[in-house]
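All remarks here apply to the structure that follows.
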Amino acid sequence: MHIQLVGHEVFEAENAQVARQMISEHKPDLVLLDIMMPGEDGFSLGEYLIEQKIPVIFLTAKTAVPDRVRGLRMGAEDYVLKPFEPAELIARIENVLNRHSPHDAIWEKKNLRIDFESRRLWKDNQEIILTTMEFDLLAKLIQSHSTAISREALLNAVWGWQYTGETRTVDVHVQRIRRKIGAEWIETVYKYGYRFREDT
């Protein structure tokens with residue numbers, strides 16, 4: 001599964017009853033919820049999850065605007081229509097997780113220091129200027145905690161899923177970041193993407 005390939009642990013449930021049991025056992029950070037499930041529908045289960053403060057992304061083939069509005073008004077984080085591209089779904093998942101996961105405002109490792117709130121970076125106590133996209137890309141890599149991320153997922157997460165450019169854009173920005181902070185910090189994962197090396 002594509003979601004597992006970017007480092008997330010995944011549990012699957014075939015209906016709402018099983019989902020409730022698994023949610024109780026595993027306390028998930030996020031639930032992808034198909035509206036058209038056997039038995040109890042996704043909207044009903046979604047209300048329960050949102051009451052439990054568990055982020056929900058609805059997945060559905062139902063394209064009617066009232067259904068989408070109902071899901072979003074209920075408090076869902078997002079509403080993804082089928083069919084969808086895996087990279088788009090992963091980007092949406094990671095956006096939700098980033099919103100709900102606490103990140104330290106200050107990150108420090110060896111000679112690097114980053115203030116995520118002020119969006120500033122220092123190397124050897126000297127401030128390094130990054131462009132908006134360079135900073136967002138570096139932050140995404142750092143906050144993924146050494147998990148390898150595909151070029152497609154990085155492109156969608158940083159530039160947005162509607163961006164129509166090529167994944168080469170990611171490579172160019174990684175090269176620029178490496179020149180500024182040191183090539184040893186970002187590892188290339190062959191034919192896949194990149195990983196931030198916290199063990200550097």
Side-chain angles (χ1 to χ4, degrees), residues 1-11 26-32 55 57 77-78 80 84-200:
M1 182 181 288
H2 290 83
I3 299 173
Q4 291 172 308
L5 290 176
V6 296
H8 300 297
E9 188 175 14
V10 176
F11 301 95
H26 299 290
K27 303 292 191 286
D29 296 317
L30 169 69
V31 173
L32 300 178
I57 295 178
E77 297 289 332
D78 210 338
V80 181
F84 49 79
E85 291 294 328
E88 176 189 344
L89 179 60
I90 289 170
R92 290 175 180 269
I93 288 171
E94 293 180 342
N95 285 339
V96 172
L97 291 176
N98 282 332
R99 285 200 299 270
H100 287 268
S101 299
H103 294 303
D104 293 334
I106 304 295
W107 178 93
E108 291 186 77
K109 186 76 68 171
K110 295 190 176 179
N111 65 336
L112 291 184
R113 181 173 185 267
I114 296 177
D115 185 330
F116 290 111
E117 290 186 354
S118 66
R119 298 174 64 85
R120 299 173 71 188
L121 164 70
W122 294 266
K123 178 183 178 183
D124 297 320
N125 295 319
Q126 297 293 318
E127 185 165 5
I128 304 296
I129 304 302
L130 298 178
T131 67
T132 298
M133 292 305 184
E134 288 169 357
F135 188 92
D136 289 345
L137 181 56
L138 179 59
K140 179 63 181 175
L141 289 165
I142 289 174
Q143 292 170 348
S144 296
H145 304 293
S146 298
T147 298
I149 308 178
S150 71
R151 287 174 175 83
E152 291 79 9
L154 288 169
L155 192 70
N156 281 289
V158 176
W159 280 265
W161 64 271
Q162 292 180 314
Y163 179 74
T164 57
E166 298 180 354
T167 56
R168 176 66 180 161
T169 300
V170 176
D171 298 330
V172 170
H173 281 73
V174 167
Q175 290 172 8
R176 292 175 182 167
I177 295 169
R178 282 172 167 163
R179 286 197 293 268
K180 293 180 178 182
I181 70 172
E184 69 275 11
W185 287 101
I186 302 177
E187 176 186 358
T188 299
V189 181
Y190 183 62
K191 290 187 176 181
Y192 184 70
Y194 297 97
R195 175 191 293 114
F196 191 82
R197 296 192 60 186
E198 293 190 332
D199 60 345
T200 297

- Query: Are Val158 and Val170 close enough, and set up right, to give a side chain to side chain contact (heavy atoms under 4.5 Å, CB included), and what steps lead you there?
  - Reply: CA-CA 9 Å; Val158 176; Val170 176; over 6 Å; no

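- By the side chain to side chain contact (heavy atoms under 4.5 Å, CB included) test, Glu134 is found to be paired with Leu130, Thr131, His173, Arg176, Ile177, Lys180, residues two or more places apart in sequence or in another chain being considered.
- Met133 is listed as a side-chain neighbour of Trp159, based on a closest heavy-atom distance under 4.5 Å.
- Summarising the geometry, atom CG belonging to Leu138 is positioned 9.5 Å from atom CD belonging to Gln143; distances are rounded to the nearest 0.5 Å.
- By the 30° and 60° cut-offs, the orientation of the rings of Phe196 relative to Trp185 is parallel.
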- Task: Check the pair Arg195, Ile149 against side chain to side chain contact (heavy atoms under 4.5 Å, CB included), reporting the backbone distance first and the verdict last.
- Result: CA-CA 6 Å; Arg195 175 191 293 114; Ile149 308 178; over 6 Å; no

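- To the nearest 0.5 angstrom, Phe84 atom CZ is 4.5 Å from Leu89 atom CG.
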- Message: Before you tell me yes or no, could you show the steps for Arg92 and Val80 under side chain to side chain contact (heavy atoms under 4.5 Å, CB included), namely the whole-Å CA-CA distance, both residues' side-chain angles and the distance that decides it to 0.1 Å?
- Response: CA-CA 9 Å; Arg92 290 175 180 269; Val80 181; 3.6 Å; yes

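- For the atom pair CG of Leu137 and OG1 of Thr169, the computed distance is 10.5 Å after rounding to the nearest 0.5 Å.
- A search for side chain to side chain contact (heavy atoms under 4.5 Å, CB included) contacts involving Asp115 returns Ile106, Glu117, Ser118, Trp122, not counting sequence neighbours.
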- Item | Audit row: Tyr194, Arg151, side chain to side chain contact (heavy atoms under 4.5 Å, CB included) steps and yes/no | CA-CA 7 Å; Tyr194 297 97; Arg151 287 174 175 83; 3.6 Å; yes

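- The nearest pair of heavy atoms linking Pro55 to Leu30 is O-CD1, 3.4 Å.
- The distance from the NZ atom of Lys109 to the CD1 atom of Ile114 is 11.5 Å, given to the nearest 0.5 Å.
- Looking at Ile93 and Leu32, their side chains come closer than 4.5 Å, going by heavy atoms from C-beta outward.
- The distance from the CG atom of Asp29 to the NE2 atom of His26 is 12.5 Å, given to the nearest 0.5 Å.
- Between the Arg178 side chain and the Ile186 main chain, a donor and an acceptor come within less than 3.5 Å of each other.
- In terms of the side chain to side chain contact (heavy atoms under 4.5 Å, CB included) criterion, residue partners of Arg168 (sequence neighbours excluded) are, by chain and number, Glu166, Asp171, Val172, Gln175.
- Scanning all heavy atoms of the two residues, the minimum distance from Lys123 to Ile181 falls at NZ-O, 3.5 Å.
- Nearest heavy atom pair, residue Ala139 against residue Phe116, reads CB-CE2, 3.7 Å.
- Considering CD1 of Ile57 and CG of Leu97, their distance stands at 7.5 Å, rounded to 0.5 Å.
- Contact check on Glu127 versus Arg120 returns a salt bridge, with a Lys/Arg side-chain nitrogen under 4.0 Å from an Asp/Glu carboxylate oxygen.
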